[in-house]
Amino acid sequence: MSRIGAAVAAAPLALSLMVSAASAEKIRIALAETPSDELAAFFVALDRAKAKGLDYEWTAFSDEELAIQAILSGQMDIGFGTPYAAMQRSKAPLRIVFQLSKLKFFPVTSQKYEKLEDLDGEPIMLHSRGGGTDSIANVIEEKVGIKFGQRSYVPGSSNRIVALMAGQTDATIVDLSNKNKLMKQAGDKFNVLPMFEVDASDEALFANLDWIKSHEEEVDIFVGALVSVWQDMSKDPTIISKETDPNGPIGQLPPEILGNLDQFYTDAVEGGLYDPNGGGRKAAQADMEWYTAAGQLDGDPAELNIEDFWYLAPLDKAAQ
C-alpha cells in the first residue's frame, strides 16, 4: 500500500468506501491496476494537478471491470478504462475526457504458435474482462476467422509475461514495453505473432457527465495537467523519471523498474503509445470503429455520435 499526500491506495472495495466516506470532498480516482511503470506519467500529472490545487485520493482496483462498476455506482468519481458497452447500455451518462494510451499491444506466445491462425481453439490470457486486450482478442477472431478457447484474466502485462515464462500460459497479449523485455530476455523461446495496426484507445479517463459538469474546475485542472505531461513527454520522455516523486507510489517501486523508466517511455513514445493531445475527436472516431468491431458497441460506427461517449470541453480548453 502506498500513499502520496492525501492519496490512498487500497485493493478491497470495502476499504475504498471507508476512505471515500472520510474525505468526500476529494476527487476519488479509480485505477484499474496497482501503480507500475505504466502509470508513472499519470502520477507525474497528478503531482502537477496537485500543485494547481487539485485535492484527490486514488484507489487501485484489481481490474478494469471493478473500476468501471465503482464509477457507475457513484463510489468513485473518475476512473480508468474504455467502458463503451457500459456507456451505451447503462442509464448513467458516462463520458471519456482523455485518452491515456492507445491499443499498442502484441500477441506473444510459446514456440507452439507461429501465426494468429494457430491460436484457433487455444486458451489465451488477457488483462481484464471487457478491457482493451479482451477487445483485441475479439477483433482478432473477427479479422482472422478464428475462435479462441478459454480466456483467463491477469491484470498487468508484466504479470502475464511472468505467467508466460513460468509456463502458466502459452499465449497472451502484452504491451510494447513488456514485449520488448520478453524478447530481450528470452527471444529464442517465444514468438511475437504478426499483428494488424490498431489506433483505438486502450486506457482512457472517464466519469459521469453530471459529475464532470458539477466539478468543472477540478476536471479542467486534471485534464490540463495530463495534456501538459503528455506533450512534454512527447518531446522528452525522460521528463517522467525526472519528475517522479521519490516518496510517491512510483518512487517506491523496485530500483530495477525505476532505472528503466527512461527506456520505457522512450520506447512508448517512439512506438506511438501516447497522443500528446489526449486523443480527442480523432481517438473518439477510431474508438467507434474499433469497439464496434470488438462487439462492445452496437450500430454503424459512421452513425454513432462521438459526443454520446466523449465530453470534449476539457480537452478543448486545454488546447487554448
Could you give the distance from OG (Ser158) to CD1 (Ile257), rounded to the nearest 0.5 Å? 7.0 Å

Between Asp175 and Ser177, do the side chains contain a donor N or O and an acceptor N or O under 3.5 Å apart? no

Heavy atoms of other groups near Arg151 CZ, more than 12 under 6.0 Å: yes

Within the supplied structure, the quantity of interest is the number of heavy atoms (other residues, nucleotides, ligands) at a distance under 6.0 Å from Glu217 CD; does it exceed 12? no

Please report the interatomic distance CD(Glu122) to CD(Gln150), rounded to the nearest 0.5 Å. 12.0 Å

Side-chain heavy-atom pair Trp310, Arg281 within 4.5 angstrom cut-off: no

Just how far is it from atom CD of Gln185 to atom CD1 of Ile161, taken to the nearest 0.5 Å? 8.5 Å

If I compare all heavy atoms of Ser110 with all of Asn191, which pair ends up nearest, and what's the gap? O-ND2, 3.9 Å

We want to know whether Tyr291 and Thr82 form a side-chain donor-acceptor pair, criterion being a heavy-atom distance below 3.5 angstrom. yes

Look at the rings of Phe196 and Trp290 and say which category their plane angle falls in: under 30° parallel, 30 to 60° tilted, over 60° perpendicular. tilted

If every non-hydrogen atom of Leu116 is compared with every non-hydrogen atom of Pro194, which pair is closest and at what distance? CD1-O, 3.5 Å

Measuring from atom CE of Met76 to atom CD1 of Ile78, what distance do you get when rounded to the nearest 0.5 angstrom? 10.5 Å

Does the side chain of Leu304 come within less than 4.5 Å of Asp300's, by heavy atoms? no

Which distance, rounded to the nearest 0.5 Å, do you find between the NZ of Lys104 and the OH of Tyr274? 12.5 Å

Any non-hydrogen side-chain atom of Phe61 less than 4.5 Å from a side-chain atom of Gln69? no

On the 0 to 90° scale, with breaks at 30° and 60°, tag the Trp230-Phe98 ring pair as parallel, tilted or perpendicular. perpendicular

Any chance NZ of Lys317 has more than 12 other-residue heavy atoms, nucleotides or ligands included, within less than 6.0 Å? yes

Report yes if some heavy atom in the side chain of Tyr311 is under 4.5 Å from a heavy atom in the side chain of Phe206; otherwise report no. no

Give, for atom OG1 of Thr109 and atom CD1 of Ile173, the distance between the pair rounded to the nearest 0.5 Å. 11.0 Å

Short side-chain donor-acceptor distance under 3.5 Å, Tyr153 and Asp63: no

Using a distance-only test with no angle check, is there a side-chain donor-acceptor pair under 3.5 angstrom linking Asp37 and Tyr265? no

Stepwise salt bridge (Lys or Arg N to Asp or Glu O under 4.0 Å) check, Lys115 with Asp118: CA-CA 6 Å; Lys115 56 185 183 299; Asp118 295 339; 3.0 Å; yes

Check whether the side chains of Ser228 and Arg48 place a donor and an acceptor atom closer than 3.5 Å, and report yes or no. yes

Apply salt bridge (Lys or Arg N to Asp or Glu O under 4.0 Å) to Lys26 and Asp77, showing your working. CA-CA 9 Å; Lys26 300 172 184 175; Asp77 300 317; over 6 Å; no

Quick one: does NZ or CZ of Lys179 land under 6.0 Å from the six-membered ring centre of Phe106, within 45 degrees of the ring axis? yes

Any side-chain donor paired with an acceptor under 3.5 Å for Ser201 and Gln99? yes

Test item: side-chain donor near acceptor, Glu38 and Ser36, under 3.5 Å: no

Side-chain donor-acceptor pair under 3.5 Å between Gln320 and Asp316, yes or no? no

Does atom CD of Glu117 have more than 12 heavy-atom neighbours, drawn from other residues, nucleotides or ligands, at distances under 6.0 Å? yes

